[in-house]
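Worksheet: one structure, shown below.
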Amino acid sequence: MAKEKPISSTTKRSYWRWSKTDFFPETSFQTLSSYKTALSQTCPRLSDRLLARSSSTDELVTLQKVSENPMQKCLTWWDLIWLGFGSVVGSGIFVITGQEAHNNAGPAIVLSYAISGLSALLSVFCYTEFAAEIPVAGGSFSYLRVELGDFVAFIAAGNILLEALVGAAGLGRSWSSYFASMIKNDSDFLRIKVDSLPVGFNLLDPLAVVVLLVANGIAMSGTKRTSWLNWIASLVSGAVIVFVIVFGFIHAKTSNLEPFFPYGVEGVFRAAAVVYWSYTGFDMVANMAEETKKPSRDIPIGLVGSMSGITVVYCLMALALTMMVKYTEIDVNAAYSVVFEQIGMNWAKYLVSICALKGMTTSLLVGSLGQARYTTQIARAHMIPPFFALIHPKTGTPVYATLLVTLISAIVALFSSLDVLSSVLSFSTLFIFMLIAVALLVRRYYVKDVTPKNDLVKFLICLFITIGSSIGVSALWNSNERGWLGYTTAGLLWFFGTLGMAFLSKQRVPKVWGVPLVPWLPSLSIVMNLFLIGSLGLTAILRFIICSAVMIVYYLLVGLHATYDVAHQNELSA
């Protein structure tokens, strides 16, 4: 309890409170008159905050005081590895693999997983350096806020949080569908149809709500308890995956691998853009850095170790599937269950079902932890009411933030069908992974008031060339342009842009753990993420633009004025 003495004056207040001051303590929101005055100063305030950058000290020390109580440092590298496994290895590997092997890649689906795994691993490297040096609950929000400023961080964080909430609702509906299908051959068996509601919102799913409430309730009860439950469940899943791989290779036929590229190289990349989503979720583990005992050691081992292992597991599972049966005979809906039936092991399909349900459950558990901590750091920065940043003194968890994400995701899950939810494509994840790579380059090559102006200009030119050429490669590929001239030009521009950065002096050396081969690996992460973004299509881009526009309106009406008041209040107190 000694750790809480420095903030004892604030912890005497009851945790269960909800006054106006708790939600809007900033001076701009004290009265209607003060809010009107703040709105009249929107333009100068926006100019002040648009590129304003936070600092590591603010994120690690100042903002954490808003929570009044500390989070409990209870996680080790072992916990992080299994949290990564539980978060990433969901039902996707069992569903997407068969679909993409049959429709796009054929036996070369193993290369699709390897390509996507490499892209994810590059992003993991960038996340790891930030998480080891800035071990806070906000993850990418805090990293972007420190290097790219408030506005970029808010837009990026808002989109990924929205996507996470919709993803949680989708997982809840999927869990319900899968469970219902095991009882009766009808995925809507446990849903309530309401004819007065529009199609897509007329099948109420109370089981999905219950699953979300249970998962988030466990997450609220304690981080270590959730980690233990995830570990136990992941052991079961790991055993099933080993079974699939071993028995898959026992019944494998090399003749099924021919032809290896039935849809050409294009099919491999199309499949890579889809199977990439089987790797998402590790960013939620990065949000657990504040609760890690030794971030400098545990985070690199936990994040890099789990993602490396998952990549190998995915490739082996994909290879086993395509060697067991010809790619043209793979069932696109339940590939692994059906393939075991085809070789006479009907009972094995139940193991696959258990593993898929477990994957969805642990993804919900770890997602609940990560989403709440993301929300906590955004609230600490006053971009949403700081009430949601409060940490419960007994559990050491952000109860209010967890309740917020639980309520929103439960409402969405109750009404929205999987078709509606699946239309919200994961543009934001790749976009943030790209921004993290950019932020890492900025961190290495630019330090305010230290970097010479000439070096800054050179760095920005090289960075824009690198990003521009990466966009060019993606645009060429998606326009079905296959001529060598365009790709050669874009590739050379990317190479020389990155080479130019390599010749510049680095302004900061990592104190704890650093990404190797900078600027090459972050630059490669940028081009791979932008390439995969281009594969998502126009709908995903429009969704991102619309959601960002709504968030900008909120930022101009609320977030901007709250952060402006806090920033200038801190300046006065300093």
Side-chain angles (χ1 to χ4, degrees), residues 80-101 104-105 108-128 131 139-140 160 163-164 167-168 170-171 174 230 234 237-238 241 268-288 299 302-319 321 355-356 359-360 362-364 366-367 370 422 425-437 521 524-533 535-536 540:
L80 294 180
I81 284 178
W82 286 105
L83 285 170
F85 187 86
S87 177
V88 175
V89 183
S91 61
I93 180 67
F94 294 99
V95 178
I96 295 175
T97 308
Q99 170 189 307
E100 293 306 308
N104 284 316
I109 186 68
V110 65
L111 297 182
S112 300
Y113 271 106
I115 292 167
S116 293
L118 174 61
S119 178
L121 195 57
L122 291 173
S123 296
V124 165
F125 277 137
C126 297
Y127 264 86
T128 300
S140 55
I160 203 168
E163 200 161 84
L171 273 175
S174 296
N230 170 76
S234 295
S237 179
I241 288 172
V268 174
F269 282 107
R270 279 198 303 270
V274 176
V275 303
Y276 186 87
W277 311 122
S278 297
Y279 289 98
T280 57
F282 70 83
D283 50 323
M284 290 299 165
V285 181
N287 292 346
M288 308 306 296
I299 291 173
L303 280 177
V304 178
S306 62
M307 188 54 65
S308 300
I310 289 166
T311 301
V312 173
V313 166
Y314 279 0
C315 290
L316 290 175
M317 288 186 70
L319 184 60
L321 176 67
C355 192
M360 287 183 272
T362 54
S363 292
L364 280 171
V366 183
S422 63
L425 298 176
S426 298
F427 183 105
S428 303
T429 303
L430 284 171
F431 180 67
I432 285 200
F433 289 171
M434 184 274 293
L435 284 179
I436 289 293
L521 288 188
L524 185 59
S525 180
I526 290 171
V527 69
M528 292 189 76
N529 283 312
L530 284 173
F531 183 84
L532 292 173
I533 283 175
S535 302
L536 294 177

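Scanning all heavy atoms of the two residues, the minimum distance from Phe282 to Val88 falls at N-CG2, 3.7 Å. The two residues Ile81 and Ser306 come nearest to each other via the heavy atoms O-CB, 3.5 Å. When all heavy atoms are compared, the tightest approach of Asn230 to Val366 is OD1-CG2, 3.8 Å. The two atoms that bring Ile533 and Leu430 nearest to each other are CG1-CB, 3.4 Å, heavy atoms only. Contact record, Ala271 with Asn104: CB-CB, 4.2 Å, taken as the closest heavy-atom pair. The nearest pair of heavy atoms linking Met528 to Ile115 is CE-O, 3.6 Å.
Here Ala273 pairs with Leu532, Ser535 under the side chain to side chain contact (heavy atoms under 4.5 Å, CB included) rule; sequence neighbours left out. Checked against ring pair (Phe, Tyr, Trp, His ring centres under 6.0 Å), Tyr279 has the following partners two or more places apart in sequence or in another chain: Tyr314. The side chain to side chain contact (heavy atoms under 4.5 Å, CB included) check on Asn287 picks up Met284, Arg373, Tyr374, with sequence neighbours excluded. Scanning for side chain to side chain contact (heavy atoms under 4.5 Å, CB included) contacts around Leu364 gives Ala168, Leu171, Val211, Leu212, Ala215, with sequence neighbours left out. Annotation: side-chain hydrogen bond (donor to acceptor under 3.5 Å, both in side chains) contacts of Ser87 (sequence neighbours excluded): none. For Val275, the side chain to side chain contact (heavy atoms under 4.5 Å, CB included) partners at least two apart in sequence or on another chain are Ile96, Glu100, Ile109, Ser112, Tyr113, Ser116. Applying the side-chain hydrogen bond (donor to acceptor under 3.5 Å, both in side chains) criterion to Ser525, with sequence neighbours excluded, gives Asn529.
Contact of the Val304 side chain with the Thr128 side chain is registered, since non-hydrogen atoms from C-beta on lie closer than 4.5 Å. Residues Ile241 and Val313 meet the side-chain proximity criterion, which asks for heavy atoms closer than 4.5 Å.
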